[in-house]
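All chains are named by letter (A, B, ...) in the order of the sequence lines, taking the proteins before the strands, and each is independently numbered beginning at 1.
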There are 2 protein chains.
Amino acid sequence: MPISASVPIHLTRCSISAVTVPPRLESQLTIPVDLGDRSYPIVIGSGHTAAENDGLKSHFAQTLGDASHGVMIVDKAVSQTAGTSIQAALNGSLDRIDVIEVASGEGSKSIDQLASLWNQLLEAGTDRRSVVIAVGGGVIGDLAGFAAATFTRGLRFVQVPTTLLAMVDSSVGGKTGINLPGGKNLVGSFWQPHLVWIDTDFLNTLPDREYISGLGEVIKYGVIEDADFFDYLDQNIEAIIQRQPEPVQQAVAKSCQSKARVVAEDERETTGRRAILNYGHTFAHAIEVNAGYGVMLHGEAVSIGMQMAARLALDLGLCDSQLLDRQTRLLEAAQLPLTWADADVDAMIPVMARDKKVEHGKLRFVLPDRIGHVDLVGDVPVEKVRTAINACR
Amino acid sequence: MPISASVPIHLTRCSISAVTVPPRLESQLTIPVDLGDRSYPIVIGSGHTAAENDGLKSHFAQTLGDASHGVMIVDKAVSQTAGTSIQAALNGSLDRIDVIEVASGEGSKSIDQLASLWNQLLEAGTDRRSVVIAVGGGVIGDLAGFAAATFTRGLRFVQVPTTLLAMVDSSVGGKTGINLPGGKNLVGSFWQPHLVWIDTDFLNTLPDREYISGLGEVIKYGVIEDADFFDYLDQNIEAIIQRQPEPVQQAVAKSCQSKARVVAEDERETTGRRAILNYGHTFAHAIEVNAGYGVMLHGEAVSIGMQMAARLALDLGLCDSQLLDRQTRLLEAAQLPLTWADADVDAMIPVMARDKKVEHGKLRFVLPDRIGHVDLVGDVPVEKVRTAINACR
């Protein structure tokens with residue numbers, strides 16, 4: 001699935017500085033997610049939400065032209081920035097946009113917050129032709145997406161991710177949901193957006209820790225199914241950390257392309273293929289539950305989880321030590337955590353046994369055999385899992 | 001879509017009394033719901049859940065053979081009767097069946113009850129290969145179906161309706177959901193069951209008022225799309241009220257067949273066809289909200305709602321008075337209410353304006369032009385709606 005460059009939309013604005021700005025940044029990249037009648041585009045640009053462009057308006061008209069009422073569900077932290085930009089960019093596309101602000105943080109993926117959203121959608125006069133526009137990180141996308149999936153049994157929605165983690169992972173693929181006190185993402189729907197709109201300029205105000213966290217998922221794609229991308233990251237990780245526009249756009253686009261490929265093969269996790277996206281995640285979920293929601297950022301937990309998984313793979317003789325070394329070096333260069341001193345193996349194992357990837361009580365893991373390839377491995381001895389966790393303390 | 005009789009399963013037990021029992025009752029009727037890879041059978045019998053039969057076991061094996069864990073979500077009122085029968089009939093089909101009892105009544109279709117179910121499913125160790133078995137009326141089917149649709153983003157489920165209303169309406173077609181304080185069924189999913197198992201013997205213990213209420217939906221099918229069935233009901237309504245097995249089975253089967261036909265044409269209410277099932281329902285929902293949940297039974301509200309709709313159709317010149325007369329006589333013979341003295345038109349209109357069938361604020365109704373045919377009619381003047389409501393007070 002090639003990345004196709006659509007008509008450059010910055011042409012007028014950028015033509016004077018064309019010599020100094022890399023040409024790629026003058027155009028949007030459009031990555032199709034191929035799901036039959038649920039297909040949709042991921043549109044990736046830099047500064048293309050600005051009011052003087054009509055890129056968003058034009059994509060909105062193509063995919064949601066008959067909508068007259070929008071409800072923007074926005075993270076309070078970006079309401080005045082990204083939220084305002086999106087509203088301005090959609091000026092004229094809809095008769096009315098209601099705005100619902102949601103507090104930042106994993107705590108908002110709760111039953112109470114969901115119930116509150118449902119009631120606010122009702123108060124806003126939302127009906128089946130309304131469109132939900134989710135603006136924020138993964139928490140907002142998951143929560144707003146699930147509200148959209150379930151209000152009047154399904155509303156169309158647009159994902160506008162504003163964090164790196166949401167751009168490269170949660171905004172693509174249609175997984176929506178909330179947490180239960182007993183575990184993350186235990187309740188939700190597969191519900192595909194009609195459009196994913198990514199403006200990497202939204203990353204400029206992201207705190208360092210949150211930006212770096214997102215690189216955990218980016219590196220994951222290199223390990224699980226794209227060795228060339230892993231090499232690219234190896235060579236460009238410094239520039240990506242410095243948020244240089246061109247490598248950032250490449251990293252986001254390659255990640256989305258990777259995710260779109262996997263999702264197109266296994267939309268609802270029925271063939272097992274989509275499970276490869278969970279590399280490091282069985283450990284990561286247990287780390288997050290063990291630490292308490294919100295203590296560790298998701299990408300940080302994924303980074304440590306990938307280290308545990310790679311050590312487990314090595315211990316099981318599935319890969320050589322070079323894989324672990326290369327992964328360790330890249331994660332370290334990305335300034336991601338590799339260990340967690342407080343890991344409590346006795347607390348983590350029971351959480352993993354409840355994980356959705358567990359079938360009939362057997363422990364299963366996504367494990368790499370080489371950079372760019374992973375397998376789903378069943379019947380893993382619990383003792384080996386304990387060793388892998390303890391090796392990352 | 002013909003009703004196909006499967007292999008008679010009462011043969012051994014009933015062969016002696018074959019002369020006195022109508023032959024049709026010795027066999028199950030299977031009605032297919034044709035939805036591509038979401039197709040499923042509705043199996044209708046009388047006494048075929050009894051432990052000495054293996055009908056349920058055999059259908060379960062065909063559709064859900066790989067399941068080893070079941071969670072039966074059952075109305076407390078039928079837990080000892082239908083619930084126990086189902087458990088006995090499934091003996092050996094599953095390694096383990098957990099039972100979750102839910103209080104009877106519309107009040108259980110609440111956010112709190114849903115949240116409680118999600119947590120109980122987690123405690124029961126439910127994973128994606130588990131099967132939810134909903135045993136009860138429409139409330140249980142809608143609630144348990146929505147819990148199944150959303151726990152771990154989707155579990156397979158079986159509908160075992162125990163009320164007439166659930167047998168002929170809510171158990172078929174995949175609409176699941178809960179109520180919000182501001183309106184019925186405002187939150188939910190389209191989520192198809194894998195099997196609908198109907199044993200009309202479960203009706204024997206149903207209170208008269210509840211049984212009669214279900215006839216409101218049965219008669220609806222005759223009005224909206226099956227004039228022959230309307231005639232059949234006209235001629236057999238006394239026997240149906242007396243719960244004679246043969247006409248009851250016919251009434252259930254014809255109703256399911258009608259619903260299956262409509263749902264197959266428009267699974268997710270996108271073409272408008274499925275809206276015909278809402279004949280009388282825009283009024284009925286407003287009546288139920290106006291009266292307060294649980295005061296009036298759904299089928300009673302539908303009966304009054306159909307009368308309001310027929311009066312509206314007559315007033316708009318869409319049908320003749322004979323249609324209203326025939327419908328009135330049949331509903332009356334079925335001992336259903338035709339009017340509601342407490343109808344408050346000023347309270348009902350705003351509820352109807354929020355109804356999911358309203359698009360951009362216009363009032364739309366499903367209205368009959370002859371017995372066996374209805375149309376979706378838009379832009380209905382509010383004044384005519386008020387007149388129709390007031391005519392049924």
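Only the backbone of Ala149(A) comes within contact range of chain B, with heavy atoms under 4.5 Å apart. Contact annotation for Leu121(A): neither backbone nor side-chain heavy atoms come within less than 4.5 Å of a heavy atom of chain B. Only the side chain of Ile178(A) comes within contact range of chain B, with heavy atoms under 4.5 Å apart. Using a 4.5 Å cut-off between heavy atoms, Thr176(B) contacts chain A through its backbone alone, with no side-chain atom that close.
Taking OG from Ser189(B) and CZ from Phe190(A), the interatomic distance works out to 12.5 Å, rounded to the nearest 0.5 Å. One finds the CD1 atom of Ile111(B) at 9.5 Å from the CD1 atom of Ile111(A) (value rounded to the nearest 0.5 Å).
Distance alone, capped at 3.5 Å, places no donor-acceptor pair between the Arg153(B) side chain and the Lys175(A) backbone.
Counting all heavy atoms, side chain and backbone alike, Val187(A) lies closest to Trp118(B) at CG1-CZ2, 3.3 Å. Residue Leu122(B) comes nearest to Gly182(A) through the heavy atom pair CD2-CA, 3.7 Å, listed as atom of the first residue, atom of the second, then distance.
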